[in-house]
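The first residue of the sequence shown is numbered 1, and numbering continues consecutively from there.
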Amino acid sequence: MSAKQVFKMRLIRCSVVVLVTNLLVSQHAVADQKGGIVAEQTSGSRRSSIVVEPEMTRAIQGITDVERKRYFNVCDPGTGFENQVKDDAMYDYLVKELGISFGRRLGVVKHPAQTLSEDPNRPGYPDISRLRNKKAVEPSERMRKDFGANLNVAAHGHHNAFPEYMGRFETSESVQDPKHSQYLPKNLDAAAFLSAAVLRFGFNDFDRPQYYEPVNEPHWSFPKTQHLADWHLKTMEFVHRATPGVKVGGPCLPVCYFYRNEYKAFDGLTEFIERTDAKMDFYSFHTYDYLRWREGDFKGRIQSGLALEGTLDLVQNYTVNTYGKEIDVVVSEQGGYIGSDPKGEYDGEFVAGEIMAEQYPDADPASWDYEMKKRSIVNFGHVSSIVANTLAFIEHPHCVQKTVPFLLPNTWAWGPKYYAQLYVAHDYEDKTRWVETDLMMYFKYFRGLGGRRVKALCDDPDLQVRAFVDRNKLFLAINNQSFESETVDLSGISTENVEVRRLGRNTDFTAFYSEDTIPTPETLTLAGRESVMIVAEADEPIQQKRVVNELVCYGDKVVQPMQDATFSVHVPQNEPINYAQLRIGVTRSPDALKTPVVRFNGIVLDVPMEDCAERFVDREYAMTKLIPLDPTLIKAANTVSVSFADGSDGAVGSVVIRVAVKETP
């Protein structure tokens, strides 16, 4: 279905917008005034609304502007990038048209350490004289002009990267790991000295990593040890002395499904934070959706979108309560991949092949077109997870400092068929013919987005809605997290025409991307799992006339069993509240009721039920309930209680209230 077919073509001419407060839900728990639940039932099709106010700047904890270097990155360190691209035209396409930045370096110590012998005067320490005399390659003037003083890259180290003469720290679990054993350096002073020396002498000011994680995805047993924490603290101490601009953090966990086992999975991160006394420059984890082909669609453990909102709230709620401060977060890998057994030559190939065989039984499976369609199926799963993650991260600028989509320019040197490449060689062999994969849709979709956040409210929890103004352009991003189509009424866009970018999937599960210019619609329909970007270009710059600042107000506790899920949240009363949202992170058994009874200062709230719930029930129901709050109900001290009609199964991770207070422009 084309963009023109799914839009109702009507012009909108409005400069003053009002908030539509009618909350319609497809499924809801019907509560009487005493809180008794009648049933969880379906109310039929819903019509949602999105109201945009381009002239109202929206700050989050005082931060208004979007820094592209935080989010729209390739998984590449940037060093030598000009030699990786095919020609100047490709450089201009990626850098100047799509606006890529650089995100991640794998490996800091390993390769330099292989050339450094042990210092005979200091056993256990490396002799860094060769490293000290090495001259780092300076960037071109073009790179300096396009990327500024520093590439702002996050770097993490290989496993087992430190020399054996520093000793080996191991656990019984890491030694017996069935895939490969891991160890950490035992001599922490020597290891920290080596990291600091490489960061000081192995880079120039332009490509030196901004964020350093000593090890990538350490074995699960290490964060439970004081040794890992001490190593990170010691490394931070040495690195700060050698290169004060480099921030050090960790533990670079491979997952962030902290809601697993009623939030017991959160213990790994909290133990590391406690062992480092919340003193690291940042704390880190990766987030991937683990997609599985089930019941005719891609389901599995979903950590992106709504689930990720609760994860990010939980981390900050915990540190604010325990240490009196929010902490910085770095996510040096994020995405989603298809797991299968066997996986094929690249992740998801086997499943994609089965889908292709069913969809195109007469096609030639050896043809290049067939192969690219298989890749397209895999690519959509990855890029759609990345979009959902990005739209969640962008809502947390007060803590999330850097995120890196796992999108590599190419991997021909070690894996010509690897699933996460922006380019593959034609037939995987002809490196003179670079073939763009559908992963490039991520950068096309977010192309040009920047400027300041502006107010855009939506009453549908399935839709991630974000709006931004950059000079005379309004960007409205909408991502449908559910399998169901969602129809919304749009208001607040005053231009006669808009550019519409659509990123979604076809009926054969391959990805599609389209761009079109159409009359500004009043109504928009998004297909299941579709993302739409609306770009409205005005004749004059869009002026800021009003400002709201979203204050993040945290509950007094975290991770409470359902029978004890009552929280107190303090909200400042200094300024009038423009709008507010209650955010509740919850986990339950997959077959349990999914709509809670929420009492706010004794009043039972209407809790919107998300259509995407069926995507978040792999081993548990993991969700963040987003509930609009009437500002007149908010007090200085607020009591929030959460319960379910079918018993005390599950737990509540965090309760957060965001209040938008009016500020003088």
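Between Arg47 and the choices Asp459, Asp460, Asp489, Thr487, the side chain to side chain donor-acceptor pair (under 3.5 Å) rule is met once, by Asp489. Looking at Gln581, Arg453, Arg58 one by one, the single match for side chain to side chain donor-acceptor pair (under 3.5 Å) with Glu550 turns out to be Arg58.
Thr79 has its side chain out of reach of Phe81: every pair of non-hydrogen atoms, C-beta onward, lies at least 4.5 Å apart. Counting only heavy atoms from C-beta outward, the side chains of Lys343 and Phe350 never approach each other to under 4.5 Å. Tyr91 places none of its side-chain heavy atoms less than 4.5 Å from the side chain of Gln84.
Under a 3.5 Å cut-off, the side chain of Asp470 and the backbone N or O of Lys473 do not form any donor-acceptor pair. Looking at Asp462, its side chain never comes within 3.5 Å of a backbone N or O of Glu486 through a donor-acceptor pair. Side-chain N or O atoms of Gln421 include one that pairs as donor or acceptor with a backbone N or O of Thr411 at under 3.5 Å.
Taking the ring axis of Tyr346 as reference, the NZ or CZ atom of Arg375 stays within 45° of it and closer than 6.0 Å to the ring centre. Figure legend: cation-pi geometry between Arg502 and Tyr513 absent, as NZ or CZ is not positioned both under 6.0 Å from the six-membered ring centre and within 45° of its axis.
In this pair, Tyr257 and Tyr259 present their aromatic rings tilted. The plane angle is within the 30 to 60° band. Aromatic ring orientation, His426 versus Trp368: tilted (interplanar angle from 30° to 60°). Ring geometry for Phe298 against Phe509 counts as perpendicular: the plane angle is over 60°, on a 0 to 90° scale with 30° as the lower cut.
With rounding to the nearest 0.5 angstrom, the CZ atom of Arg104 is 11.5 Å from the CG atom of Leu407.
The minimum heavy-atom distance between Ile478 and Val465, with the atom names listed, is CG2-CG2, 4.1 Å. The minimum heavy-atom distance between Ser332 and Glu213, with the atom names listed, is OG-OE1, 2.8 Å.
Tyr337 and Tyr290 have their aromatic ring centers within a separation under 6.0 angstrom.
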